[in-house]
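Structure record follows, encoded as structure tokens.
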2 protein chains.
Amino acid sequence: MKFDDKVPIYYQIKTYLYYDVLTGKLKPGAKLPAVRQLAVDLTVNVNTVQRALTEMIAEKTIISQRGKGNFVTEDQDKLAQLKEQLVMSQLAHVYDQLHRLNLSDSEIVASLQRYIDQKGAPQDVERISD
Amino acid sequence: MKFDDKVPIYYQIKTYLYYDVLTGKLKPGAKLPAVRQLAVDLTVNVNTVQRALTEMIAEKTIISQRGKGNFVTEDQDKLAQLKEQLVMSQLAHVYDQLHRLNLSDSEIVASLQRYIDQKGAPQDVERISD
DNA sequence: TATAGTGTAATAGTTAAATAGAACACTAGG
DNA sequence: CCTAGTGTTCTATTTAACTATTACACTATA
């Protein structure tokens with residue numbers, strides 16, 4: 001996995017797992033890969049995986065059972081709440097950043113709409129073959 | 001100044017200065033505060049300020065003149081281009097993150113619009129993502 | 001030419017993140 | 001009971017970021 005060297009790896013692993021949980025790739029009650037396996041998959045040390053998990057366990061997003069494995073919480077309300085928080089924090093962040101750049105509320109929405117509209121449209125990349 | 005302990009301080013200073021430059025708080029050709037003054041203002045070490053500046057100088061966003069001071073570039077095209085890049089990277093980032101959470105294009109725009117509309121009532125959401 | 005104000009560089013020490021490796025604690029199944 | 005698979009903890013080491021401090025290089029000006 002590719003990591004951003006500006007953010008601690010354990011923190012990026014936490015984010016990575018959040019997305020797996022919140023998108024249902026890991027469903028409520030599902031067993032996570034073993035910590036040693038995750039460490040191999042992510043090409044990091046077991047302790048780094050454990051550090052990420054320890055925080056998620058403290059938050060009760062992950063339920064740890066010694067000798068058995070780590071499991072996604074079955075509390076669906078909690079998961080829905082987490083997803084809402086995540087969406088909101090993303091929106092708040094982008095809003096703040098663009099607002100700081102002096103874009104008005106309507107310009108912010110318009111620029112996002114424009115980005116989405118043009119996203120699929122052909123960029124000016126060089127065409128190599130058909 | 002408040003710093004996010006998940007990101008290197010020198011990098012946050014760089015971002016901070018970018019915003020000052022791109023919003024015109026520091027106009028093209030303007031002299032920046034002295035490095036020692038910036039260090040005091042931001043309550044960090046001079047070397048940390050210098051590290052941020054060194055990168056911006058390498059990019060020619062800041063022009064350094066030994067004995068005189070650091071100055072914002074007068075190349076307005078460059079500044080406009082930087083601002084466009086910054087806006088686009090913000091939009092791309094939030095789009096990708098929300099898309100990963102299985103929100104459709106229209107849901108993404110709608111959620112932003114909803115956030116702006118309801119912005120008056122502050123939530124205290126914990127920042128989860130990078 | 002002396003001095004204050006500026007950027008720049010170098011050294012040394014502290015801390016947090018990450019690694020490697022080992023050991024310990026518990027569970028399930030043969 | 002033994003063993004393989006699991007989570008958990010600990011020690012030691014390395015590296016990057018940050019700090020403190022000092023010194024050097026250059027500019028303007030009194």
Side-chain angles (χ1 to χ4, degrees), chain A residues 1-18 20-21 26 28-74, chain B residues 1-18 20-21 26-27 29-74 127-130:
Chain A
M1 179 175 174
K2 53 139 197 60
F3 291 108
D4 177 354
D5 67 0
K6 297 296 186 309
V7 181
I9 293 175
Y10 83 90
Y11 198 78
Q12 297 182 61
I13 293 174
K14 202 174 155 186
T15 300
Y16 168 82
L17 292 175
Y18 266 121
D20 276 2
V21 167
L26 285 172
K31 185 182 182 211
L32 273 67
V35 288
R36 290 172 182 78
Q37 186 59 47
L38 271 176
V40 170
D41 294 347
L42 302 173
T43 60
V44 297
N45 189 272
V46 179
N47 297 316
T48 308
V49 171
Q50 187 66 31
R51 176 160 182 186
L53 287 175
T54 298
E55 296 195 359
M56 300 181 78
I57 290 164
E59 300 162 5
K60 300 197 195 332
T61 304
I62 300 294
I63 308 300
S64 169
Q65 292 187 259
R66 199 185 188 111
K68 290 178 158 183
N70 291 308
F71 301 83
V72 178
T73 180
E74 305 205 22
Chain B
M1 176 175 175
K2 53 140 194 61
F3 291 107
D4 178 353
D5 66 2
K6 297 296 188 305
V7 180
I9 293 174
Y10 82 89
Y11 197 79
Q12 296 181 64
I13 292 173
K14 202 175 156 186
T15 301
Y16 168 81
L17 291 175
Y18 265 122
D20 276 1
V21 167
L26 285 172
K27 301 198 187 313
K31 185 182 182 207
L32 273 67
V35 288
R36 290 172 182 78
Q37 186 58 48
L38 272 176
V40 170
D41 293 347
L42 302 173
T43 58
V44 297
N45 190 270
V46 178
N47 297 317
T48 308
V49 171
Q50 187 64 31
R51 176 161 183 184
L53 288 175
T54 297
E55 296 195 359
M56 299 180 80
I57 290 164
E59 300 162 4
K60 300 199 195 328
T61 303
I62 300 295
I63 308 300
S64 169
Q65 291 187 258
R66 198 184 188 109
K68 291 180 157 182
N70 291 309
F71 302 83
V72 178
T73 180
E74 305 205 22
R127 193 84 200 294
I128 293 175
S129 77
D130 48 10

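Any value given below was found using the heavy atoms of this structure, including those in side chains, with hydrogens, waters and symmetry copies removed. So that the names make sense, note that chain A is the first sequence line, chain B the second, and so on, each numbered from 1.
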Any idea which of [options] is nearest the [X] side chain?
X: K31(B); options: dT27(D), dT8(C), dT6(C); answer: dT6(C)
X: V44(B); options: dG7(C), dT19(D), dA25(C); answer: dT19(D)
X: S64(B); options: dT8(C), dG7(D), dT19(D); answer: dT8(C)
X: P8(A); options: dA17(D), dA18(C), dT8(C); answer: dA18(C)

Atom [atom1] of [X] and atom [atom2] of [N]: how far apart are they, to the nearest Å?
X: F3(A); N: dA18(C); atom1: CZ; atom2: P; value: 9 Å
X: I62(B); N: dG7(C); atom1: CD1; atom2: C1'; value: 13 Å
X: Y11(A); N: dA17(C); atom1: OH; atom2: P; value: 12 Å
X: I63(B); N: dT8(C); atom1: CD1; atom2: P; value: 11 Å
X: N70(B); N: dC26(D); atom1: CG; atom2: C1'; value: 13 Å
X: Y10(A); N: dA17(C); atom1: OH; atom2: C1'; value: 9 Å
X: L38(B); N: dT8(C); atom1: CG; atom2: P; value: 12 Å
X: Q65(A); N: dG7(D); atom1: CD; atom2: P; value: 11 Å

Residue-phosphate contact under 4.0 Å: T48(B) side-chain N/O, dA17(D) OP1/OP2: no
Phosphate OP1/OP2 of dC26(D): any K68(B) side-chain N/O under 4.0 Å: no
Sidechain N-carboxylate O distance under 4.0 Å for K27(B), E74(B): no
Atom pair OH/CD of Y18(A) and Q12(A) - distance to nearest 0.5 Å: 15.0 Å
Gap separating the OG1 atom of T48(B) from the CG atom of L38(B), nearest 0.5 angstrom: 12.0 Å
I'd like to know if [X] reaches the base of [N] with its side chain, counting only an N/O donor and acceptor under 3.5 Å.
X: N45(B); N: dA20(D); answer: yes
X: R36(B); N: dG5(C); answer: no
X: N47(A); N: dA17(C); answer: no

More than 12 heavy atoms from other groups under 6.0 Å of CZ on F3(B): yes
5' precedence on DNA chain D between K6(A) and V46(A) (nearest-nucleotide basis): V46(A)
Of V7(B) and I57(A), the one whose closest DNA chain D nucleotide lies more 5': I57(A)
Touch class at under 4.0 angstrom, heavy-atom based, for R51(B) against every strand present: sugar-phosphate
Matching residue for D20(A) among L26(A), V72(A), L32(A) - test: side-chain contact (heavy atoms from CB on, under 4.5 Å): L26(A)
